[in-house]
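Here is the structure we will look at.
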Amino acid sequence: MSRSARNVDFSSVSLLVIAGGKSSRMGEDKRWISLGGETLLARLLKRAARIPFAERFLCVARETPALRALAEAYGMRLLADERQEVGPMEGIRRGLSTMGTDYAFAVSCDMPFLDFSRLAALLDRAGGAARPGAVLPRTGRRWQTLAGLYHRDVVDAFAAALARGAHKIRAVLETLPVEIVPFRTADANLFFNVNTPADMRLAAGRIRNESRAVPLVTVSAPQSNTGKTTFIERVLPFLAASGLRVGVVKGDAHGYNIDREGKDSYRFREAGASATAVVSPNGYFIEQKTAARESLAAVAARLQDVDLVLLESRNHGTAPILSLYRDKGEPILTDEVAAVFVKSEQALDFGTVATYDLDAVEKAAEVIRFLAGR
């Protein structure tokens, strides 16, 4: 079913979901890892189901009953590799040699934040007279070979490479006519791969925010004087420079009193008011008595005109959490922790948690934006 290269849209191309399943860096089959109540593979297939592809293929190393059931549930045709242990190039080759369209998107199953609609720019570049062998997104210097558009004519080049033991997709593509579509550095999170347990924690933290009207990120530490306030103070200018309006909610275990004797709000509170508010031309504050400690997340939900809220707390924050550690107490490494920022005289290994220097402020802002989906 050959189609005109000048009329390329989602309905005229196929989809190849590359899901080999080796997962060597994860330590377990990442296709079945649960994130936000669904498996990594099912999450991608659900997103793909919203797009009107001409044909859909789930390309795997070997068929299993579980994969057959999942393919059937999402209207996918299951294709098993004919060559084993040769990487994702074989999945692409197998799909391209089977499909009936000229082009196919080949996407990795481990990209939980891939937005297919954002790939429409690749279709525009495939519609010209040149008929490139592939159209690929590029973020920075990286070609996103597993989120690209491939023409069926590259099958022979992939087959020849595999026959001589070559498995690097980019090395083959560099010998072919390829169109490269630059994406902004800020768009790199579209292509975020879950390859390691640390990646999984970051992805899980971001998914926690998908159901919130305003995303939350908690900054926490095991003891006082670790630098939570300083950390937030230093990262705020970088977040603001990226265009984000950021609110901050701080937990105070010792109580507070913002009124001074003689002020009207003080007099109202002393007279028995349960809540007072003062409104000025450029802002307002509300002081509300509560029978029990209010959650920081509930207070954050009342902030207006913000894109993101940072919570500062030792014990009362909510996932995702950035854990700060400065050789005081035991580091916080619960399942809700997405990353750790450390300043220590010791050589510390936090295993499955992404770890950064406590002074890496720009990196902290990047991680916060990722967790917030911003």
Side-chain angles (χ1 to χ4, degrees), residues 185-186 188-189 192 198-199 201-209 212 214-256 258 293-301 303 306-374:
T185 302
N189 291 336
F192 179 82
D199 295 337
R201 281 179 175 264
L202 287 165
R206 177 166 171 157
I207 288 171
R208 291 283 193 117
N209 274 320
R212 293 171 176 153
V214 176
L216 308 175
V217 177
T218 297
V219 176
S220 190
Q223 290 190 5
S224 299
N225 300 317
T226 299
K228 298 189 299 295
T229 299
T230 300
F231 180 86
I232 293 174
E233 182 182 29
R234 294 179 67 195
V235 82
L236 280 171
F238 289 94
L239 296 173
S242 67
L244 292 177
R245 300 166 300 170
V246 185
V248 180
V249 176
K250 177 181 174 63
D252 189 334
H254 306 291
Y256 68 92
I258 62 174
R293 182 188 182 105
E294 185 66 281
S295 75
L296 300 187
V299 174
L303 299 184
V306 294
D307 304 306
L308 159 69
V309 178
L310 301 179
L311 310 180
E312 181 190 325
S313 175
R314 282 180 60 188
N315 303 308
H316 299 279
T318 185
I321 295 172
L322 299 185
S323 175
L324 310 189
Y325 186 67
R326 197 189 290 270
D327 289 337
K328 295 180 179 181
E330 291 295 320
I332 299 171
L333 298 173
T334 63
D335 289 344
E336 296 179 325
V337 170
V340 182
F341 286 80
V342 181
K343 184 64 69 177
S344 175
E345 298 296 326
Q346 311 171 56
L348 300 174
D349 182 3
F350 295 107
T352 63
V353 190
T355 305
Y356 309 100
D357 189 280
L358 188 56
D359 291 326
V361 183
E362 287 190 67
K363 185 63 180 182
E366 178 186 324
V367 172
I368 290 170
R369 289 196 303 269
F370 173 81
L371 293 173
R374 298 291 191 265

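Values below: every heavy atom of this structure, side chains too, minus hydrogens, waters and symmetry copies. Just so you know, these numbers come straight off a predicted model, no measurement behind them. Just so you know, residue 1 is the first one in the sequence shown, and it goes up from there.
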For A221 and R314, work out which heavy atoms get closest and say how close.
-> O-CG, 3.3 Å
Reported CG-to-CG distance for the pair L244 and L236, which is rounded to 0.5 angstrom | 10.5 Å
State the OG-CD1 distance between S220 and I332, to the nearest 0.5 angstrom.
-> 3.5 Å
Distance, nearest 0.5 Å, that separates CD of E312 from OG1 of T218 = 10.5 Å
Given side chain to side chain contact (heavy atoms under 4.5 Å, CB included), test E336 with R208 step by step and report yes or no.
-> CA-CA 10 Å; E336 296 179 325; R208 291 283 193 117; 4.0 Å; yes
Can you tell if the side chain of D359 reaches within under 4.5 Å of the side chain of R234, non-hydrogen atoms only?
-> yes
Take R212 and T318 through the test side chain to side chain contact (heavy atoms under 4.5 Å, CB included) and record every step on the way to the result.
-> CA-CA 12 Å; R212 293 171 176 153; T318 185; 3.3 Å; yes
List the atom of L333, the atom of R201, and the distance in Å for their closest heavy-atom pair.
-> O-NH2, 3.7 Å
Which heavy atom of T226 sits nearest a heavy atom of K328, and at what distance?
-> OG1-CD, 4.4 Å
Which word best sums up how the rings of Y325 and F350 line up, parallel for under 30°, tilted for 30 to 60°, or perpendicular for over 60°?
-> perpendicular
For residues V353 and A198, report the shortest heavy-atom separation together with the two atoms involved.
-> C-CB, 4.0 Å
Between K250 and T229, is any pair of side-chain heavy atoms under 4.5 Å apart?
-> yes
Measure from the side-chain N and O atoms of N209 to the backbone N and O of G373, and report whether any donor-acceptor pair falls under 3.5 Å.
-> no
What pair of heavy atoms forms the shortest contact from L311 to A300, and how long is it?
-> CD2-CB, 4.0 Å
Nearest heavy-atom approach of L202 to A339 is CD2-CB, 4.4 Å
Do V367 and L322 have side chains that get closer than 4.5 Å, going by heavy atoms?
-> yes
To the nearest 0.5 Å, tell me how far K228 NZ sits from E233 CD.
-> 14.0 Å
In this structure, CG of L371 is separated from CG of L216 (nearest 0.5 Å) by 11.5 Å
Hey, could you give me the CZ/CG distance between R369 and N189, rounded to the nearest 0.5 Å?
-> 8.5 Å
Please lay out, stage by stage, how L310 and L239 fare under the test side chain to side chain contact (heavy atoms under 4.5 Å, CB included).
-> CA-CA 11 Å; L310 301 179; L239 296 173; 4.2 Å; yes
